[in-house]
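Excluded from the calculations below are hydrogen atoms, water molecules and symmetry mates; all remaining heavy atoms, backbone and side chain alike, are included. Note that ligands are numbered from 1 as they come in the structure, with each ligand's atoms numbered from 1 the same way. Please read all numbers here as calculations on a predicted model, not as lab measurements. For the single chain, residues carry numbers from 1 onward in sequence order.
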Amino acid sequence: MDKVMLITGASRGIGAATARLAAQHGYRLLLNYRSQAAQAAALVAELGASGATAHAVQADITDEAEVMRLFAELDRHYGRLDVLVNNAGMLEPQMRLEQMDAARWQRVLATNVIGSFLCCREAVRRLSSRHGGTGGAIVNVSSMAARLGAPNEYIDYAAAKGAVDSLTTGLAREVASEGIRVNAVRPGLIDTDIHAAGGEPGRIERLRGSVPLQRGGTPEEVAEAILWLASEQASYCTGSFIDISGGR
Ligand code: NAP
């Protein structure tokens with residue numbers, strides 16, 4: 001396969017697991033990260049050692065100029081795009097809404113919403129038949145928080161992921177006739193660093209009893225759904241959401 005996949009936030013967690021699975025599926029990869037250069041370089045080396053083609057590009061997706069540079073690197077390395085996985089995301093320490101300030105909301109919306117929008121825009125400019133492209137797929141990484149609201153933890157993050165859901169629905173309908181499918185996954189409690197960023201590394205252990213399947217999920221379990229939505233096996237899916245949350 002000569003298909004090219006760009007994954008944002010691929011240095012660790014769900015993004016890195018998606019990169020490993022995509023490499024097994026034969027994709028050539030452009031792996032974005034924000035700050036963890038050593039982890040991104042180690043992943044590129046690991047994938048290269050197994051015969052895959054991967055390049056890492058540092059870029060903060062909240063910054064329009066950096067997103068433009070990221071996609072310019074994509075053009076330079078591969079000259080094509082088939083799949084964008086809009087995975088980069090973040091949250092801030094758990095607190096109630098009345099403790100939050102506007103700056104926090106702006107940071108959370110900047111990464112999770114504006115960053116996703118910017119990457120979608122650049123992907124559409126390359127994939128859409130309106131712009132001479134041959135089509136492709138976008139998979140947005142939302143969250144079950146969009147539906148559950150994350151009370152007492154991070155309503156700002158939940159609201160941002162709600163916006164990602166609306167972005168997915170709207171863009172799917174806007175570009176469906178131009179060869180682009182746009183879908184999303186909504187992970188639940190997945191074992192990554194993100195919970196420590198929220199101030200509670202043991203969050204999954206605390207909440208696992210509320211999950212019908214009685215456990216947290218792995219990044220690899222999310223990656224399977226992302227790869228399926230990206231693939232031709234999902235050719236009749238657009239504007240669709242897969243909840244990967246153990247029934248929660
Ligand atoms: P993670 O382990 O904290 O990894 C986050 C990734 O995003 C890292 O690669 C990070 O880069 C990158 N990133 C963050 N801000 C960025 C920015 N401004 N520009 C570019 N890259 C940026 O998180 P994760 O759990 O794998 O999360 C991946 C996605 O799944 C996120 O969208 C998250 O909201 C979503 N999600 C996760 C869970 C869960 O339980 N883990 C549940 C629902 C949804 P650096 O390493 O360079 O900092």
Inset, instruction - Please determine if Arg107 and Asp156 form a salt bridge, counting it only when a charged side-chain N lies under 4.0 Å from a carboxylate O. - result: no
Legend entry - Geometric N/O contact Gln36 with ligand 1, under 3.5 angstrom: yes
Inset, instruction - Check whether the side chains of Asp191 and Thr218 place a donor and an acceptor atom closer than 3.5 Å, and report yes or no. - result: no
Inset, instruction - Write out the residue and atom name of the closest protein heavy atom to atom 24 (P) of ligand 1, then the distance separating them to 0.1 Å. - result: Thr192 OG1, 3.5 Å
Inset, instruction - Could you tell me whether the side chains of Ser11 and Gln39 share a donor-acceptor contact shorter than 3.5 Å? - result: no
Inset, instruction - Check whether any heavy atom of Gly115 sits under 4.0 Å from an atom of ligand 1. - result: no
Legend entry - Note: Arg186-Asp243 ion pair, threshold 4.0 Å (strictly below): yes
Legend entry - Results of salt bridge (charged side-chain N to carboxylate O under 4.0 Å, His left out) for Glu224 - residues two or more places apart only: none
Inset, instruction - For the pair Arg147 and Asp165, find out whether any cationic side-chain nitrogen is under 4.0 Å from an anionic carboxylate oxygen. - result: no
Inset, instruction - Kindly confirm or rule out an N or O of Ser11 lying under 3.5 angstrom from an N or O of ligand 1. - result: yes
Legend entry - Taking atom 13 (N) of ligand 1 as the reference point, the nearest protein heavy atom with its distance: Ala88 CB, 3.9 Å
Legend entry - ligand 1 atoms in contact with Asp60 (distance to a heavy atom under 4.0 Å): 17 (C), 18 (N), 19 (N)
Inset, instruction - Considering the heavy atoms of Ile14, write down every atom of ligand 1 situated less than 4.0 Å from one of them. - result: 26 (O), 30 (O), 37 (C)
Legend entry - Proximity flag Ala37 to ligand 1, non-hydrogen atoms under 4.0 Å: no
Inset, instruction - Please determine if Glu221 and Arg215 form a salt bridge, counting it only when a charged side-chain N lies under 4.0 Å from a carboxylate O. - result: yes
Legend entry - Sub-4.0 Å heavy-atom approach of Lys161 to ligand 1: yes
Inset, instruction - Identify the protein heavy atom lying closest to atom 3 (O) of ligand 1, giving its residue, its atom name and the separation to 0.1 Å. - result: Arg12 NH1, 3.5 Å
Legend entry - Sub-4.0 Å heavy-atom approach of His195 to ligand 1: yes
Legend entry - Residue pair Leu43 / Tyr33, side-chain heavy-atom distance below 4.5 Å: no
Legend entry - For atom 44 (C) of ligand 1, closest protein heavy-atom neighbour: Ser142 O, 3.2 Å
Legend entry - Atoms in ligand 1 with a heavy atom of Asn32 nearer than 4.0 Å: 20 (C), 21 (N)
Legend entry - ligand 1 contacted by Gly216 (non-hydrogen, < 4.0 Å): no
Inset, instruction - Run the contact test for Gly188 against ligand 1 with a 4.0 Å cut-off on heavy atoms, strictly below, and give the result. - result: yes
Legend entry - Identity and separation of the nearest protein heavy atom to atom 5 (C) of ligand 1: Gly89 O, 3.8 Å
Inset, instruction - Using a strict cut-off of less than 4.0 Å between a Lys/Arg side-chain nitrogen and an Asp/Glu carboxylate oxygen, indicate whether Asp75 and Arg126 qualify as a salt bridge. - result: yes
Inset, instruction - Could you tell me whether Ile190 and ligand 1 have an N or O pair separated by under 3.5 Å? - result: yes
Legend entry - ligand 1 contacted by Ser35 (non-hydrogen, < 4.0 Å): yes
Legend entry - Salt bridge present between Arg206 and Glu153 (N-O < 4.0 angstrom): yes
Legend entry - Protein contact of atom 36 (N) of ligand 1 - nearest heavy atom, named by residue and atom, plus distance: Tyr157 OH, 3.5 Å
Legend entry - Polar proximity ligand 1 side, Ile61 side, N/O cut 3.5 Å exclusive: yes
Legend entry - Nearest protein heavy atom with distance in Å, relative to atom 30 (O) of ligand 1: Val141 CG1, 3.3 Å
Legend entry - Ion pair check, Glu64 and Arg69, cut-off under 4.0 Å: no
Legend entry - Which residue and heavy atom of the protein sit nearest atom 7 (O) of ligand 1, plus the separation: Gly9 CA, 3.5 Å
Inset, instruction - For Asp193 and ligand 1, answer yes if some heavy atom of the residue is under 4.0 Å from a ligand atom, otherwise no. - result: yes
